[in-house]
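All values derive from a computational prediction rather than experimental measurement.
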Amino acid sequence: MPSFGNTRYTYMVLTIRQINATKPGTKIITLSDGMGLELRISTNGSRGWRLRYTRPNGKRNMISQGIFIPR
């Protein structure tokens with residue numbers, strides 16, 4: 001488990017099994033690794049990666065890494 005300064009963070013690795021086993025529901029489902037990486041599964045089954053990060057100036061940002069729509 002990594003530690004950053006005086007703070008300890010816990011995280012959970014996203015596995016292929018966990019990602020494949022998660023099916024779309026009535027609400028958007030977010031699977032997170034606890035370190036800023038998220039997989040969002042929408043109600044229609046499309047999946048998209050998002051990354052939350054902090055810039056060196058302290059500003060927090062988020063980027064999307066594309067969308068996968070299953071057939």
Side-chain angles (χ1 to χ4, degrees):
M1 176 179 338
S3 66
F4 301 96
N6 294 330
T7 307
R8 290 179 63 96
Y9 293 91
T10 59
Y11 63 95
M12 185 176 87
V13 177
L14 289 175
T15 63
I16 298 291
R17 183 173 290 178
Q18 179 186 14
I19 292 169
N20 290 337
T22 305
K23 303 299 178 197
T26 57
K27 296 181 181 179
I28 294 177
I29 299 169
T30 303
L31 302 176
S32 175
D33 71 346
M35 297 292 289
L37 183 65
E38 298 177 346
L39 175 66
R40 292 176 47 99
I41 303 171
S42 69
T43 56
N44 68 356
S46 65
R47 297 168 184 239
W49 291 99
R50 296 187 349 173
L51 178 66
R52 295 178 185 272
Y53 65 96
T54 304
R55 299 174 77 177
N57 63 4
K59 185 177 178 184
R60 297 177 70 180
N61 286 59
M62 183 211 40
I63 59 173
S64 296
Q65 296 285 324
I67 295 177
F68 167 73
I69 301 174
R71 295 180 191 218

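- For Arg40, there are no side chain to side chain donor-acceptor pair (under 3.5 Å) partners two or more places apart in sequence or in a different chain.
- Taking Thr30 as the reference, nothing meets the side chain to side chain donor-acceptor pair (under 3.5 Å) condition, with sequence neighbours excluded.
- Within the model, atoms CD1 of Ile41 and CD1 of Ile28 stand 11.0 Å from one another, a figure rounded to the nearest 0.5 Å.
- For Lys59 (side chain) and Pro56 (main-chain N/O), no donor-acceptor pair under 3.5 Å exists by modelled atom type.
- Within a 6.0 Å radius of CD1 in Ile16, no more than 12 heavy atoms belonging to other residues, nucleotides or ligands are found.
- Of all non-hydrogen atoms in Ile19 and Arg47, the two that sit nearest each other are O-NH1, 2.9 Å.
- One finds the CD1 atom of Ile63 at 12.0 Å from the CZ atom of Arg52 (value rounded to the nearest 0.5 Å).
- Nearest approach of Arg55 to Asn61, heavy atoms of both residues: CD-OD1, 3.2 Å.
- Smallest separation of non-hydrogen atoms from Val13 and Gln18: O-OE1, 4.0 Å.
- In terms of hydrophobic clustering, with Ile, Leu, Val, Met, Phe, Trp and Tyr side chains grouped at heavy-atom distances under 4.5 Å, Trp49 and Ile29 are assigned to a common cluster.
- For the atom pair CG of Leu31 and CG of Leu37, the computed distance is 10.0 Å after rounding to the nearest 0.5 Å.
- Considering every non-hydrogen atom in both Ser42 and Pro24, the closest pair reads O-CB, 3.5 Å.
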